[in-house]
Amino acid sequence: MDIRWESSPFFKLKCMKAKQAGSRYEKIVESIYTNSGIDVLPPESTDYDRTIAGLNTEIKGSMITKGSDDCFSFLQIRPRQVYDRIVFLAIYFDRIELYEMTKAEVVAAINEGIFKPQHGGKSGDSGTFCYNGTMEKLGATPVELP
């Protein structure tokens, strides 16, 4: 583990196993929106994580990749699932930022090669994609809350 996490307010989160951290990412995003006065509802389908401000929202979180200052890995991007947008939770050593992409933007990013096939190699057709890089290169829109 990158020693910079030891002095981070997110150290305990960094120590969690992936599934536990994923659940916590969803709760963090829910809390951020709720505390901003935005309605958050539980999902009506397993295709997305929450309904936020009326939009079916998939939530993906990542903490800075080891050995970098600004790279993130977002996994299990599934365009075949039914959702309106993805909210990306980017956790830096000292802060949290939210970004979003509509489903159409996700599909366009897959077609442009920004998201890569996650399983089965370059020719794999698992329908699952991933991203590893900076938030700037991802091209998602920063979320501005009231």
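Keep in mind that the numbers below use all heavy atoms, side chains included, and drop hydrogens, waters and symmetry copies. The shown structure was predicted, so the numbers you read here are calculated from the model rather than taken from an experiment. Sequence positions, counted from 1, serve as the residue numbers for this chain.
- Placement of Met16 and Ile59 within a single hydrophobic cluster is found when ILVMFWY residues are connected by side-chain heavy-atom separations under 4.5 Å, directly or transitively.
- Here the straight-line distance linking atom CE of Met63 with atom CZ of Phe72 works out to 9.5 Å at 0.5 Å rounding.
- In terms of modelled atom types and a separation under 3.5 Å, the side chain of Asn56 and the main chain of Thr51 share no donor-acceptor contact.
- Transitive grouping of hydrophobic side chains (ILVMFWY, heavy atoms separated by less than 4.5 Å) keeps Tyr83 and Leu75 in distinct clusters.
- With rounding to the nearest 0.5 Å, the separation of CZ in Phe74 from OH in Tyr99 is 9.0 Å.
- Proximity of Val106 to Phe115: side-chain heavy atoms (C-beta onward) are separated by under 4.5 Å at one or more points.
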Derivation of the side-chain contact (heavy atoms from CB on, under 4.5 Å) call for Leu89 and Ile96: CA-CA 7 Å; Leu89 172 69; Ile96 289 175; 3.1 Å; yes
Working for side-chain contact (heavy atoms from CB on, under 4.5 Å), residues Asp2 and Ile64: CA-CA 9 Å; Asp2 189 314; Ile64 288 179; 6.0 Å; no
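- In this structure, CG in Asp84 is found 6.5 Å from OG1 in Thr57, a value given to the nearest 0.5 Å.
- Identified under the salt bridge (charged side-chain N to carboxylate O under 4.0 Å, His left out) test for residues 51-71, with sequence neighbours left out: Arg4-Asp69, Glu58-Lys60.
- Under a 3.5 Å cut-off, the side chain of Glu97 and the backbone N or O of Ala90 do not form any donor-acceptor pair.
- Phe11 and Glu6 get closest at one heavy-atom pair: CD1-CA, 3.6 Å.
- Taking the six-membered ring for Trp and the full ring otherwise, the centers of Phe93 and Trp5 sit less than 6.0 Å from each other.
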Pairs under 3.5 angstrom only: tabulate donor-acceptor contacts from the side chains of residues 129-141 to other protein residues two or more places apart or in another chain.
from   : atom 1 : to     : atom 2 : distance (Å)
Tyr131 : OH     : Thr134 : N      : 3.2
Tyr131 : OH     : Thr134 : O      : 2.4
Tyr131 : OH     : Leu138 : N      : 3.1
Asn132 : OD1    : Ser73  : OG     : 3.1
Thr134 : OG1    : Lys137 : N      : 3.1

Trace of the side-chain contact (heavy atoms from CB on, under 4.5 Å) decision for Leu13 with Ile28: CA-CA 11 Å; Leu13 184 60; Ile28 290 168; 3.9 Å; yes
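- A donor and an acceptor atom, one from each side chain of Thr102 and Arg85, are nowhere located under 3.5 Å apart.
- Between Ser68 and Cys71, the closest heavy-atom pair is OG-N, 3.1 Å.
- Considering only heavy atoms from C-beta on, Val29 comes within 4.5 Å of Leu98 through its side chain.
- Within the 4.5 Å cutoff, the side chain of Pro146 has heavy atoms near those of the Ile38 side chain.
- Residues Tyr25 and Phe88 are not in side-chain contact: their nearest non-hydrogen atoms beyond the backbone lie 4.5 Å or more apart.
- No path of Ile, Leu, Val, Met, Phe, Trp and Tyr side chains, each step under 4.5 Å between heavy atoms, connects Leu145 with Leu55, placing them in separate hydrophobic clusters.
- Among residue pairs with one or both ends in residues 13-27, those qualifying as salt bridge (charged side-chain N to carboxylate O under 4.0 Å, His left out) are Glu26-Arg50; sequence neighbours excluded.
- Pro79 has its side chain within reach of Ile110: a pair of non-hydrogen atoms, C-beta onward, lies under 4.5 Å apart.
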Tyr33 and Val40: CA distance, side-chain angles, deciding distance, side-chain contact (heavy atoms from CB on, under 4.5 Å) verdict: CA-CA 7 Å; Tyr33 279 97; Val40 178; 3.7 Å; yes
